[in-house]
Amino acid sequence: MRIVLLPEDPVFMTRFLEMEEPLLHSLYYLHLDYLPLNQAETIRRAYEGWGAIQAAMPKFLSWHTPTAFELAAPRRESEGYHLHSPEGEQLISLYGVEVSVENISDLTACLALLEGAENELGGPLAGALQEIREPRERDLVDNFRRVLRALQIPAPPALLTALRHAAPAGPEREISLNDAQHAEYVAYRDNFCFALSTGDRFMYTMHRSLYL
């Protein structure tokens with residue numbers, strides 16, 4: 001197992017939930033029977049891995065809004081705990097989530113499969129991806145890639161230590177970071193926003209502003 005730090009970030013949760021619906025859900029329930037067995041097994045394992053990660057999150061992290069890609073604001077009244085900078089400024093709360101290395105490997109294998117299918121001129125998986133993508137504006141495989149990149153960011157050790165007793169899993173409702181922990185927080189925030197929103201200057205700026 002490894003620990004992933006996940007923030008109360010509506011952009012992340014919107015992207016994470018879109019991995020399941022419409023992408024993995026549609027592939028699993030509508031297209032699996034028409035795919036080669038090895039491809040079907042890769043998608044099945046990825047879907048189960050996504051579900052295991054989602055189940056490990058604090059339940060209130062699953063909130064999201066249709067406007068999360070525009071101007072959504074994070075919730076400052078957390079159902080978990082409040083996180084503060086050394087100067088007392090309230091920060092976006094982070095939660096340590098135990099994630100199986102196998103689950104991450106299964107998602108990585110599925111992403112490679114989907115990327116390969118996108119480069120094909122034909123085939124049942126390429127056709128399924130095209131069918132799922134047509135009514136929607138965003139690139140669902142790129143969304144998958146961004147979320148997986150965010151999940152693979154190593155949790156900074158000093159920051160992780162500061163949050164180990166944070167509610168709801170622990171008793172602490174108020175946590176203040178020292179200078180070293182805050183420096184790790186800032187670096188983690190920047191890496192997290194870059195993983196999810198790089199390539200779109202407006203989106204990156206708006207995403208990062210949620211943390212300010």
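Residue pairs that meet the ring pair (Phe, Tyr, Trp, His ring centres under 6.0 Å) test with at least one member in residues 34-58, sequence neighbours left out, are F16-W50, Y28-Y47. For the salt bridge (Lys or Arg N to Asp or Glu O under 4.0 Å) condition, the pairs that include at least one residue of residues 26-42, sequence neighbours left out, are E41-R44. The list of salt bridge (Lys or Arg N to Asp or Glu O under 4.0 Å) pairs with a residue in residues 82-99, not counting sequence neighbours, is empty.
Shown here are the side chain to side chain donor-acceptor pair (under 3.5 Å) partners of E172, two or more places apart in sequence or in another chain: there are none. H84 is linked by a ring-ring contact (aromatic ring centres under 6.0 Å, His included) to nothing, counting only residues two or more places apart in sequence or in another chain. With sequence neighbours excluded, no residue satisfies side chain to side chain donor-acceptor pair (under 3.5 Å) with R189. By the side chain to side chain donor-acceptor pair (under 3.5 Å) test, N103 is found to be paired with no residue, residues two or more places apart in sequence or in another chain being considered. Residues satisfying the side chain to side chain donor-acceptor pair (under 3.5 Å) criterion with Q39, sequence neighbours excluded, are absent altogether.
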Test log, rule side-chain contact (heavy atoms from CB on, under 4.5 Å), inputs F192 and L151 = CA-CA 9 Å; F192 199 81; L151 290 173; over 6 Å; no
Chi angles and distances behind the side-chain contact (heavy atoms from CB on, under 4.5 Å) call for V99, I104 = CA-CA 8 Å; V99 173; I104 295 294; 3.6 Å; yes
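Contact annotation: the side chain of D106 approaches that of E102 to within less than 4.5 Å [non-hydrogen atoms, C-beta and beyond]. Between Y188 and L5 there is a side-chain heavy-atom pair separated by less than 4.5 Å. Between V147 and L107, every side-chain heavy-atom pair lies at or beyond the 4.5 Å cut-off. In this structure, the side chains of E131 and L30 stay at 4.5 Å or more apart for every pair of heavy atoms. Within the 4.5 Å cutoff, the side chain of I175 has no heavy atoms near those of the H82 side chain.
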Only distances under 3.5 Å count here; give the side-chain donor-acceptor pairs of residues 110-127 to other protein atoms, sequence neighbours excluded, each with its distance to 0.1 Å.
unit_1, atom_1, unit_2, atom_2, d
E115, OE2, R145, NE, 2.8
E115, OE2, R145, NH2, 3.2
E118, OE2, R133, NH1, 3.1
N119, ND2, E115, O, 3.2

Side-chain atoms of residues 195-203: list all donor-acceptor pairs with protein atoms under 3.5 Å, sequence neighbours left out, distances to 0.1 Å.
unit_1, atom_1, unit_2, atom_2, d
S197, OG, H207, ND1, 2.7
D200, OD1, F202, N, 3.2
D200, OD1, M203, N, 3.0

Considering only distance and modelled atom types, tabulate donor-acceptor pairs under 3.5 Å from the side chains of residues 155-171, sequence neighbours left out.
unit_1, atom_1, unit_2, atom_2, d
T161, OG1, P157, O, 3.0
R164, NH1, T161, O, 2.7

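Each of I153 and Y204 belongs to its own hydrophobic cluster when Ile, Leu, Val, Met, Phe, Trp and Tyr are linked at side-chain heavy-atom distances under 4.5 angstrom. Cluster membership for Y29 and L24, using ILVMFWY side-chain heavy atoms within less than 4.5 angstrom, is shared.
The distance from atom CG of L129 to atom CG of L140, rounded to the nearest 0.5 Å, is 8.5 Å. In this structure, Y185 OH and D190 CG are separated by 10.0 Å, a value rounded to the nearest 0.5 Å. Interatomic distance, E18 CD to R146 CZ, rounded to the nearest 0.5 Å: 12.5 Å. Between the CD atom in E8 and the CZ atom in F60 there is a gap of 5.0 Å [rounded to 0.5 Å]. In this structure, L83 CG and R173 CZ are separated by 13.5 Å, a value rounded to the nearest 0.5 Å. In this structure, S85 OG and L91 CG are separated by 5.5 Å, a value rounded to the nearest 0.5 Å.
The backbone N or O of R15 lies less than 3.5 Å from a partner atom in the side chain of N143, making a donor-acceptor pair. With hydrogens and angles disregarded, a donor-acceptor distance shorter than 3.5 Å links the side chain of Q181 to the backbone of N178. Using modelled atom types, one side-chain atom of Y81 and one backbone atom of L94 make a donor-acceptor pair closer than 3.5 Å.
When the shell of 6.0 Å around CZ of F194 is examined, it contains 12 or fewer heavy atoms from other residues, nucleotides or ligands.
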